[in-house]
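The block underneath contains the structure these notes are about, expressed in structure tokens.
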Amino acid sequence: MIQQNELVTFLVGFGVALYVLANSRRFRSIPNFRLLLAAYMGLFSGWALTILEGFAFPSLFNILEHLSYALCSIMIAAWCRVTFQRGGKQG
């Protein structure tokens, strides 16, 4: 069974993902945007896996959810390092 806050988080995240993808040209001015977008999609996939674990294979989806969050954290740290170490230059 899923909780209401999990569903609300997923729906808000879905709206943000749609907005970012629809306006990706504007967001491309952010240094290393692709890495940041990949990190957000990792976070979003974690939210989706939270919903899925309420329906089937709870142990498997729970492990995948937390793995997704861990990878997302690594990508955010990599984005921070690459962006701020090089002064935000593209590439």
Response to the item:
When rounded to the nearest 0.5 Å, the distance separating CD of Q85 from SG of C80 is 12.0 Å
Worksheet, complete the sentence: Of all heavy-atom pairs linking M75 and A38, the shortest is CE-O, 3.6 Å
Fill in: Flag side-chain contact, heavy atom, 4.5 Å: L60 against I63
no
Discussion item. Are L43 and I51 linked, directly or through intermediate hydrophobic residues, by side-chain heavy-atom contacts shorter than 4.5 Å (ILVMFWY only)?
Written reply: yes
Item to complete: Hey, could you give me the OG/OH distance between S24 and Y19, rounded to the nearest 0.5 Å?
Response: 11.5 Å
With a cut-off of 3.5 Å and sequence neighbours excluded, list every side-chain donor-acceptor pair involving residues 2-11.
from: E6; atom 1: OE1; to: Q3; atom 2: N; distance (Å): 3.2
from: T9; atom 1: OG1; to: N5; atom 2: O; distance (Å): 2.8

Worksheet item: With a 4.5 Å limit on heavy-atom distance, are the side chains of Y69 and L49 in contact?
Response: no
Discussion item. Using a 3.5 Å distance criterion without hydrogens, assess whether the side chain of N62 forms a donor-acceptor pair with backbone atoms of P58.
Written reply: no
Fill in: Atom of F44, atom of G13 and distance for their closest heavy-atom approach
CE1-C, 3.6 Å
Practice prompt. Taking the side chain as every heavy atom from C-beta outward, state whether F84 and W79 have any atom pair closer than 4.5 Å.
Written response: yes
Worksheet entry | Heavy-atom side-chain proximity of F27 to L37 below 4.5 angstrom | no
Practice prompt. Answer yes or no: is there a side-chain heavy-atom contact under 4.5 Å between I76 and L36?
Written response: yes
Response to the item:
So CD1 of I30 and OG1 of T83: to nearest 0.5 Å the spacing works out to 9.5 Å
Worksheet, complete the sentence: Nearest heavy-atom approach of C72 to A39 is SG-O, 3.1 Å
Practice prompt. Heavy atoms only: give me the nearest S68-G46 pair and the separation to one decimal.
Written response: OG-N, 3.4 Å
Practice prompt. Rounded to the nearest 0.5 Å, what's the gap from CZ on F14 to CH2 on W47? Could you check?
Written response: 13.0 Å
Worksheet item: Given the rule in the side-chain contact (heavy atoms from CB on, under 4.5 Å) test, do M41 and L21 qualify, once you have shown the distances and angles that lead to the verdict?
Response: CA-CA 11 Å; M41 289 303 157; L21 293 175; 4.2 Å; yes
Fill in: ILVMFWY network linking V16 to L18, side-chain heavy atoms under 4.5 angstrom
yes
